[in-house]
Structures are given as C-alpha cells and as structure tokens.
Amino acid sequence: MIYVLADMEYEGVLIDHETLKEFSKVLETDIGKLEKTVYEKAGVRFNIASPKQLGEVLFEKLMLDPKAKKTKTGQYQTGEDVLLALAAKSDIVRDILDFRQLQKLKSTYVDALPLMVNRKTGRVHTSYNQAVAATGRLSSNNPNLQNIPIRTERGREVRKAFIPRDSGHTLVSADYSQIELRIIAEISKDANMMDAFVKNLDIHTATAANVYGISLEEVTSTQRRNAKAVNFGIIYGQSAFGLSQSLGIPRKEAADIIDNYFAQYPGIKQYMSDTMNFARENGYVCTLMGRRRYLRDINSANATVRGFAERNAINAPIQGSAADMIKIAMINIHREFKALNLDARMTMQVHDELVFDVPHHEVEIVKPIILENMKNAIKTTVPIMVEIGSGVNWLEAH
DNA sequence: TCTCTCACG
DNA sequence: ACGTACGTGAGAGAC
C-alpha cells in the first residue's frame with residue numbers, strides 16, 4: 001500500500017487557478033453583501049465569524065431564544081442545528097447561515113487550495129496517512145482532499161476546479177455503491193438484506209417496504225427517507241432518540257421504526273449483539289480481513305464512556321472492512337497498470353471512491369480493470385456494485 | 001493551544 | 001438523571 005500511496009502523492013492533482021480566482025471574487029462580493037445586511041438587521045457591527053460575538057448578538061441583544069443553550073465553556077451554542085431551528089422566524093439567522101457557508105468555502109477551499117500548489121510540479125500533492133484513523137481508513141492532509149465540497153450547489157463549483165493534467169487526458173472516477181450496507185449484509189448474513197442486494201433493489205426503498213409492511217411500489221418518499229435514515233443510523237449504533245432527532249419525528253415513532261427494522265432484519269440485530277459480546281470478552285473487534293480495533297472502554301463502569309465503545313464496536317468492522325476492500329483494490333489496480341505499462345494514474349482516494357487521470361485512448365482500457373478489481377477485491381456472497389464515469393473535471397466524472 | 005464550527009465519506 | 005451516530009482535517013477566534 002505504501003508504494004501505491006507514494007505514487008499517488010508524487011503524481012498529485014491539477015487545479016484550475018482561474019476558475020478558483022474568479023469564484024473567490026464572486027464569493028467576496030456575496031459575503032460583503034451578507035455582512036452589510038446582517039449589520040443592518042442587528043443594529044451593530046460585529047465579527048460574524050466569531051461564535052462568541054455572534055452568540056451575544058443573537059441571544060442577548062436580539063433575544064432570539066430565551067432558552068438558548070450554552071457550551072461547557074459558557075458560550076452560547078451557535079452551531080448549524082441551533083441556527084436552523086431559529087431560521088424559520090428570523091431572516092437575520094438565514095443570512096448568517098448563508099454567510100457561514102460562503103465564508104467556509106472561500107477560506108478553506110477556494111483561497112487555500114491554490115496556495116498548496118507545488119512550485120516545481122504545478123500540482124497539489126496531498127499526504128495520505130495509513131496509521132491515523134482507528135478503523136483502517138486512510139486520512140488526507142496538507143491539504144485534505146477527502147473533504148472537498150459536493151453537497152451544495154456552490155460547493156460543487158470547487159470540484160470543477162479539479163481537472164486532468166492536460167487536454168489529452170480525462171478524469172475517471174469510480175465509486176462503490178452502498179458499500180457499508182453491503183458489508184453489514186455480508187458480515188451478518190441477514191437473509192432479507194442479502195436478498196435485496198442480490199435482486200439489485202434500491203436498498204432504502206426495499207427497507208421501507210419491509211419496515212412498513214407494504215410493497216415496493218407503495219413506498220412514499222417520506223417512508224423511503226425514514227428508511228434511509230435508519231439504514232445509516234444502524235451502521236453507527238444510533239438510538240431511538242438519535243433517529244427521532246435526525247428525522248424530526250416523535251421518539252415513540254422512531255422506536256417503532258427501529259423495532260420493525262430489527263424484526264425484518266434479525267440477522268443485523270444478531271450481528272450487533274454478537275459483536276458487542278465478542279468485544280466485551282476479547283477487548284477488540286475485527287474486520288473481514290482480520291484488522292483489529294481495540295476497545296479499552298468496552299467494559300467501563302461509566303455508561304456514557306461504555307456507550308461510545310459499544311458504538312465503536314458495531315461500526316469499526318463495517319467501516320474497517322470497506323477500508324480493507326478499497327485498499328486491496330488499489331494495490332491490484334496499481335499492479336495491473338504497471339504490468340500493462342499504462343500512462344493512466346491513480347490520483348485520489350475518498351473512502352469509497354477512486355479518481356484517475358487517464359489519456360483519452362486508455363479510458364476504455366482502464367474502466368474494466370478498475371471495475372473488476374474494485375468489485376472482486378474481497379470474495380463476498382453479496383454482490384458489490386461500482387459506478388464509474390469520466391469527464392473534464394472531478395464533478396463531471398463523478 | 002483550545003474551542004467551536006463545518007467540509008467530506 | 002444522563003446522554004444519545006461512526007470516522008476524519010482545517011479555519012477562525014480566543015486566550
């Protein structure tokens with residue numbers, strides 16, 4: 001793996017300066033407008049980027065919430081969830097949320113990435129760390145290329161600035177579909193969930209049909225949304241409280257959904273209790289490939305501390321097995337590219353996605369190599385699906 | 001250097 | 001009564 005990562009780091013990625021420079025100006029203008037509006041609505045100039053000052057303005061001057069909560073250091077909480085709850089009745093809060101989003105984009109990505117370009121190569125060279133994440137995932141720093149925006153319209157603009165090395169190349173991106181849910185199906189051998197993947201169903205729709213006892217065609221968008229939240233929450237050991245918070249529904253309703261979920265997927269319930277028992281007796285848990293995560297707090301007398309360790313015990317084999325799988329795929333793809341003397345290069349890894357810089361004439365050669373190696377990295381019963389695309393920038397390739 | 005916030009899977 | 005979903009890295013402010 002070291003050799004693969006070294007080659008990726010040396011290779012680096014090309015950034016389109018002009019796109020980012022232009023975007024930075026646009027953001028600066030928009031941020032300036034938002035600042036002005038916020039000052040007018042607040043009746044005072046202050047540093048919006050300071051959580052301390054912002055909390056005082058919102059909760060002492062404007063009295064937006066008499067029951068505003070404070071952090072353990074005595075500051076008002078001004079996190080996104082807090083502000084979103086106030087946004088419905090206060091347009092200054094909506095402006096502040098917009099300000100935050102744009103400020104983050106500008107300072108963390110749009111202005112910072114060009115400064116990371118290497119003088120000699122003209123490219124950005126991240127570091128991939130193999131021994132940071134406790135689950136076996138990689139991490140990336142200087143700069144972090146594993147958290148480039150994608151969820152919002154304006155965030156996606158940043159991805160357009162990640163481009164091939166020249167006009168003779170194209171970016172190819174391949175990502176695993178629902179890899180963690182496939183792995184929990186594989187590890188738990190739950191018949192119902194395996195069946196959904198074997199039939200290549202939309203897993204969240206299939207889960208909704210199971211949980212609500214209806215046919216696939218009858219599933220509403222709300223039911224699918226609820227099922228999706230449970231599918232994700234389960235991977236992390238989420239409680240009824242947590243599910244009710246994330247969906248904005250009563251705790252009783254969340255508890256019913258979870259009960260139905262475990263009734264439909266008894267193998268997953270079994271996996272969770274087996275894994276916790278294993279951890280209690282052995283002090284560690286294992287991935288499919290035998291990687292261990294030690295859990296020193298698994299038998300702690302402190303329920304909160306123990307709860308954290310228990311959720312780690314459930315999550316680590318899932319997240320860690322997915323990490324093992326993509327690493328094996330990377331080694332095999334790297335080896336095959338070398339053997340065939342290809343000019344295509346692997347340039348980025350984002351947990352379930354690989355990105356390549358490929359000469360046009362090699363695109364149709366590398367696609368099957370990438371697909372086969374990603375799908376077959378580890379022998380599984382559950383089918384593993386990979387989506388692949390190409391384009392003139394990272395957003396288009398995705 | 002710590003805290004808070006927020007970007008990603 | 002308490003806390004409540006896992007894994008990261010980075011920027012800005014405050015001290």
Side-chain angles (χ1 to χ4, degrees), chain A residues 46-55 70-84 96-97 99-113 115-116 126-129 131-152 154-156 158-159 175-181 184 229-247 251 254-255 258 285 293 295 302-320 322-323 326 348-354 394 398:
Chain A
F46 65 102
N47 186 347
I48 309 170
S50 161
K52 187 164 178 279
Q53 295 182 35
L54 178 63
K70 293 191 174 182
T71 67
K72 61 173 178 280
T73 56
Q75 281 187 41
Y76 291 103
Q77 293 181 347
T78 66
E80 186 166 23
D81 51 339
V82 175
L83 297 192
L84 278 175
I96 289 162
L97 283 164
F99 171 91
R100 281 243 179 102
Q101 197 205 341
L102 300 190
Q103 181 74 30
K104 176 81 177 179
L105 274 183
K106 185 168 185 292
S107 63
T108 307
Y109 304 102
V110 179
D111 291 347
L113 282 172
L115 301 177
M116 299 297 294
T126 186
S127 293
Y128 287 107
N129 315 297
V132 170
T135 54
R137 273 189 174 185
L138 299 180
S139 82
S140 153
N141 65 5
N142 291 307
N144 183 358
L145 294 187
Q146 292 182 320
N147 73 343
I148 302 301
I150 195 169
R151 291 173 188 170
T152 67
R154 307 193 78 171
R156 283 194 279 276
V158 178
R159 291 212 170 205
D175 63 284
Y176 283 111
S177 161
Q178 305 294 356
I179 189 61
E180 293 195 346
L181 286 172
I184 199 172
V230 195
N231 272 330
F232 280 114
I234 285 300
I235 296 172
Y236 311 129
Q238 189 181 38
S239 63
F241 174 87
L243 184 66
S244 73
Q245 288 287 303
S246 63
L247 287 174
R251 202 191 301 196
I258 291 176
V285 290
R293 176 171 185 171
L295 300 157
N302 180 323
T304 305
V305 171
R306 190 174 65 245
F308 267 103
E310 287 171 351
R311 294 192 295 276
N312 290 157
I314 291 166
N315 175 258
I318 304 166
Q319 192 179 112
I326 196 168
M348 289 189 281
Q349 191 254 38
V350 193
H351 309 304
D352 65 354
E353 174 189 14
L354 296 176
W394 192 5
H398 209 277

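Chain letters run A, B, ... following the sequence lines, proteins first, then strands; residues in each count from 1. What's counted below: heavy atoms across the whole structure, side chains too, no hydrogens, waters or symmetry copies.
Using a 4.0 Å heavy-atom distance criterion, A:Ile150 is classed as a sugar-phosphate-only contact. Note on A:Glu80: only backbone sugar-phosphate atoms sit closer than 4.0 angstrom, heavy atoms only; bases stay farther off. In this structure, A:Tyr176 reaches neither bases nor backbone, as no heavy-atom distance under 4.0 Å exists between it and the strands shown. Within 4.0 Å of A:Thr78, counting heavy atoms only, lie sugar-phosphate atoms of the nucleic acid but no base atom. Base engagement by A:Arg151 is indicated by at least one non-hydrogen atom pair under 4.0 Å involving a base atom. Using a 4.0 Å heavy-atom distance criterion, A:Glu353 is classed as making no nucleic acid contact. Residue A:Arg293 is in sugar-phosphate contact alone, with no base atom involved, counting any heavy-atom pair closer than 4.0 Å across all strands shown. A:Ile235 comes within contact range of no nucleotide atom at all, as no heavy-atom separation falls under 4.0 Å. A:Ala134 comes within 4.0 angstrom of the backbone, heavy atoms only, and of no base.
Within the structure, the salt bridge (Lys or Arg N to Asp or Glu O under 4.0 Å) test picks out the following pairs touching residues 308-318 of chain A (sequence neighbours left out): A:Arg280-A:Glu310, A:Arg306-A:Glu310.
Partners of A:Ala134 under the side chain to side chain contact (heavy atoms under 4.5 Å, CB included) rule, at least two apart in sequence or in another chain, are A:Arg293. By the side chain to side chain contact (heavy atoms under 4.5 Å, CB included) test, A:Phe46 pairs with A:Val38, A:Tyr39, A:Ala42, A:Val44, A:Ile48, A:Gln53, A:Leu54, A:Val57, sequence neighbours left out. The side chain to side chain contact (heavy atoms under 4.5 Å, CB included) search around A:Arg154 returns A:Phe23, A:Val26, A:Leu27, A:Asp30, A:Leu102, A:Leu105, not counting sequence neighbours. Residues satisfying the side chain to side chain donor-acceptor pair (under 3.5 Å) criterion with A:Thr126, sequence neighbours excluded, are A:Ser140. Partners of A:Phe232 by ring pair (Phe, Tyr, Trp, His ring centres under 6.0 Å), not counting sequence neighbours, listed by chain and number: A:His204. Residues satisfying the side chain to side chain donor-acceptor pair (under 3.5 Å) criterion with A:Lys106, sequence neighbours excluded, are A:Asp111. Remark: A:Arg159 engages no residue in a salt bridge (Lys or Arg N to Asp or Glu O under 4.0 Å) (not counting sequence neighbours). Annotation: side chain to side chain contact (heavy atoms under 4.5 Å, CB included) contacts of A:Gln101 (sequence neighbours excluded): A:Thr152.
The closest donor-acceptor contact from the side chain of A:Tyr128 to the backbone of A:Gln349 lies under 3.5 Å.
In this structure, OH of A:Tyr236 is placed 10 Å from P of C:dC6, rounded to the nearest angstrom. Rounded to whole Å, the distance from CG on A:Asn312 to P on C:dT4 is 13 Å. One can place CZ of A:Phe232 at 17 Å from P of C:dG7, the figure rounded to the nearest angstrom. What separates CG of A:Asp352 from C1' of C:dG7 is a distance of 13 Å, to the nearest Å. Separating the CD1 atom of A:Ile314 from the P atom of C:dC6 is a distance of 10 Å, rounded to the nearest angstrom. When rounded to the nearest whole Å, the span between CD of A:Glu310 and P of C:dG3 equals 17 Å. As a whole-Å value, the separation of A:Glu180 CD from C:dT8 P is 13 Å.
Closest non-hydrogen pair, A:Ala254 versus A:Ala240, comes out as CB-O, 3.4 Å. When all heavy atoms of A:Ala323 and A:Gly136 are compared, the closest pair comes out as CB-O, 3.5 Å. The heavy-atom pair separating A:Arg100 from A:Leu83 by the smallest distance is NH1-CD1, 3.5 Å.
Pairing analysis of DNA chain C (Watson-Crick: purine N1 to pyrimidine N3 plus N6-O4 or O6-N4; G-U wobble: N1-O2 and O6-N3; both under 3.5 Å) yields stems of 3 or more pairs at B:1-9 with C:6-14.
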(message) Counting primed atoms plus P, OP1 and OP2 as sugar-phosphate and everything else as base, spell out the protein contacts along nucleotides 9-15 of chain C at 4.0 Å heavy-atom distance: B, S or - for each nucleotide, 5' to 3'.
(response) BBSSSS-
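Look at the C1' atom in both B:dC8 and C:dA5: the space between them is 16 Å, to the nearest Å. Here, B:dC6 and C:dG3 have their C1' atoms 23 Å apart, quoted to the whole Å. Spacing between B:dA7 and C:dC2 at atom P, rounded to whole Å, works out to 31 Å.
Contact footprint of chain A on DNA chain B: nucleotides with an atom under 4.0 Å from a non-hydrogen protein atom, first to last in 5' to 3' order, B:dT3 to B:dG9.
The listed nucleotides are C:dC6, C:dG3, C:dG7; the one nearest the side chain of A:Arg137 is C:dG7.
Side-chain N/O atoms of A:Arg311 include one lying less than 4.0 angstrom from OP1 or OP2 on C:dC6.
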